[in-house]
Amino acid sequence: MRLRWILLLLLVVFLGWRLVRPLNIFVVGDRFALPIVTTVPEGLKSLRASECGECHREIYEEWSGSIHAAAWTEEYFVADRAFEKNPPVCDNCHIQLTQQRPGKVVGFSDSERLFPITEPNPDYDPQLQNEGVTCAVCHVREGRIIGPYETSHAPHPVTVDPAFLSGNSPCKICHDVPGNRWDMFYRKQPCGTMEEIAEGKGKPDCVGCHLPRINRPLVEGGVSRPGGRHLFQGGHHPPMVKKALSVVHHLEDDGSRYRLVVTLTNTGTHHYLPTGTPDRHLILTMRLLDKTGRVVKEERQVMKRRILWRPFIVDLWDNRLPFNEPREYALSFDHGEGERVEVEVSYHLMEESRRLRIGYQNTQPIAYPVYQENIVLDPFKRSGPVKE
């Protein structure tokens, strides 16, 4: 009997520790355990994007407006990282170059490689750190510029590596992060965007969507050639999400009762919609209003990946939109019960409860509409989608 109580006490203590322990949702694999070690290529003074922009001005301006450029300074990331007490594992994706870190990683104090051992880094560049996922993360290896074309006119040598620039190799470092540990029960990896594409039998082509093709000179006065616009647009860019989502509806009438059926289809991306951090979700709202504008009935559907984080990480369920699989939602009501129905699909970067919990004082919206329509029940008065 005494042994039973001792075991029970140990179990309570263990579960209590699991509820308050520092939370790590990744397995730190070889691919991104250490920062990218490289040197400044011959002909350049630094690895800063601002120096690249002296010649590649258009590309620099595109990158400057991207979320990659804000990977270290974006306000939600800063608030979230501070709330989690600045775990070093965040650095692995948000500042990947050795020169972006004040401490040079010389080893780890734990087997999971969560806590690096560092020494002062003489090559640390604070400006480069604030550039986040900067040009050199994808285009510099071992002191070499990696590009799509050879040239004899650049101030630096260029190495053409078709495998590296095939569209996915650099992306995999952070967008295909492993999650396989004894206390993790993921159905797919925590940011398993590429895994989702393979699940839908699609071929990953990150560059094809997120760096849309364009013919232009890579430098001012150069020869016009195929390349990619370095926009890196995704969940933070409403037009990108709108392009990925198809919304159609029809109204069924049995003579006494209406049934409005709204069909959502992810037609624009082979990964799930939304993808990336599990905080992101879609909400479909259908509101029946009377002639005064009062809400008579409302149906709300949330499309989200739901994960239990403590005491163990468990993928509970996932009702996001896979590629090209239509999903129907319906609102039923009697004749005369309302005058019109408002339909809205909104994209959410996080839950409001999460924003409050981490003390995130956002200056940018954490949600935005991607589809709005006002359906007047008299078919002769039906209005189309709301124009922005």
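Please read these numbers as outputs of a predicted model, since none were measured by experiment. Because only heavy atoms are used, hydrogens play no part in the values below, and waters and symmetry mates are left out as well, while side chains stay in.
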**Q** Do NZ/NE/NH1/NH2 and the carboxylate oxygens of D123 and K104 come within less than 4.0 Å?
**A** no
**Q** Assess, by modelled atom type and distance only, whether the side chains of H271 and T269 contain a donor and an acceptor separated by less than 3.5 Å.
**A** yes
**Q** Quick one: are T275 and R320 in side-chain contact, heavy atoms under 4.5 Å?
**A** yes
**Q** Is the backbone N or O of Q364 less than 3.5 Å from a side-chain atom of E75, with the two atoms forming a donor-acceptor pair by type?
**A** yes
**Q** Would you mind checking if D183 and R18 are paired as a salt bridge, meaning a charged N to carboxylate O distance below 4.0 Å?
**A** yes
**Q** Using the test salt bridge (charged side-chain N to carboxylate O under 4.0 Å, His left out), find all partners of D254 that sit at least two apart in sequence or belong to another chain.
**A** none
**Q** On the 0 to 90° scale, with breaks at 30° and 60°, tag the F77-H94 ring pair as parallel, tilted or perpendicular.
**A** parallel
**Q** Do H270 and D205 pair up side chain to side chain, a donor and an acceptor below 3.5 Å, judged on atom types alone?
**A** no
**Q** With salt bridge (Lys or Arg N to Asp or Glu O under 4.0 Å) as the test, would you mind laying out the steps for R355 and D279 before giving the verdict?
**A** CA-CA 10 Å; R355 187 191 72 79; D279 289 340; over 6 Å; no
**Q** Quick one: which residue pairs count as a ring-ring contact (aromatic ring centres under 6.0 Å, His included) with a foot in residues 284-303, not counting sequence neighbours?
**A** none
**Q** Got a sec, which hydrophobics cluster with Y149, joining ILVMFWY side chains under 4.5 Å apart, including via others?
**A** I59, L218
**Q** Between R144 and D161, is the closest basic N to carboxylate O distance under 4.0 Å?
**A** no
**Q** Write down the atom of P116, the atom of P88, and the distance for their closest heavy-atom approach.
**A** CD-CB, 3.6 Å
**Q** Which residues pass the side-chain hydrogen bond (donor to acceptor under 3.5 Å, both in side chains) test with Y368, not counting sequence neighbours?
**A** none
**Q** Can you tell me how far the CE atom of M350 sits from the CG atom of L356, to the nearest 0.5 Å?
**A** 10.5 Å
**Q** With ILVMFWY side chains joined below 4.5 Å, transitively, what does V105's cluster contain besides itself?
**A** L34, F108
**Q** Excluding sequence neighbours, so at least two apart, what forms salt bridge (charged side-chain N to carboxylate O under 4.0 Å, His left out) with E339?
**A** none
**Q** Under the salt bridge (charged side-chain N to carboxylate O under 4.0 Å, His left out) rule, collect the residues that match up with R101, sequence neighbours excluded.
**A** none
**Q** What I want to find out is whether K297 reaches E299 closely enough, with some N-O distance under 4.0 Å, to be called a salt bridge.
**A** no
**Q** Linking Ile, Leu, Val, Met, Phe, Trp and Tyr by side-chain heavy atoms under 4.5 Å, what else ends up with I67?
**A** none
**Q** In a check of side-chain contact (heavy atoms from CB on, under 4.5 Å) between V343 and each of N374, L284, L331, which one passes?
**A** L284
**Q** Running the 4.5 Å side-chain criterion over Ile, Leu, Val, Met, Phe, Trp and Tyr, what cluster does W317 land in, apart from itself?
**A** L11, F14, L15, W17, W182, F185, L308, F312, V314, L316
**Q** Name each donor-acceptor pair under 3.5 Å that joins a side chain in residues 220-232 to protein atoms two or more places apart or in another chain, with its distance.
**A**
| unit_1 | atom_1 | unit_2 | atom_2 | d |
| --- | --- | --- | --- | --- |
| S224 | OG | R216 | N | 3.3 |
| R229 | NE | E62 | OE2 | 3.2 |
| H230 | ND1 | G228 | O | 2.9 |

**Q** Indicate the ring-plane relationship of Y186 and W309, choosing parallel, tilted or perpendicular according to the 30° and 60° boundaries.
**A** perpendicular
**Q** Got a sec, which residues hit salt bridge (charged side-chain N to carboxylate O under 4.0 Å, His left out) with R113, two or more places apart in sequence or on another chain?
**A** D30
**Q** Report, one line per pair, each donor and acceptor closer than 3.5 Å where one atom sits in a side chain of residues 37-47; sequence neighbours left out.
**A**
| unit_1 | atom_1 | unit_2 | atom_2 | d |
| --- | --- | --- | --- | --- |
| T38 | OG1 | E142 | N | 3.2 |
| T38 | OG1 | G143 | N | 2.8 |
| S46 | OG | R48 | N | 3.2 |
| S46 | OG | E51 | OE1 | 3.0 |

**Q** Flag yes if more than 12 heavy atoms outside R4 fall under 6.0 Å of its CZ atom; otherwise flag no.
**A** no
**Q** What I'd like to find out is whether the side chain of E328 reaches to under 4.5 Å of the side chain of T263, using heavy atoms alone.
**A** yes
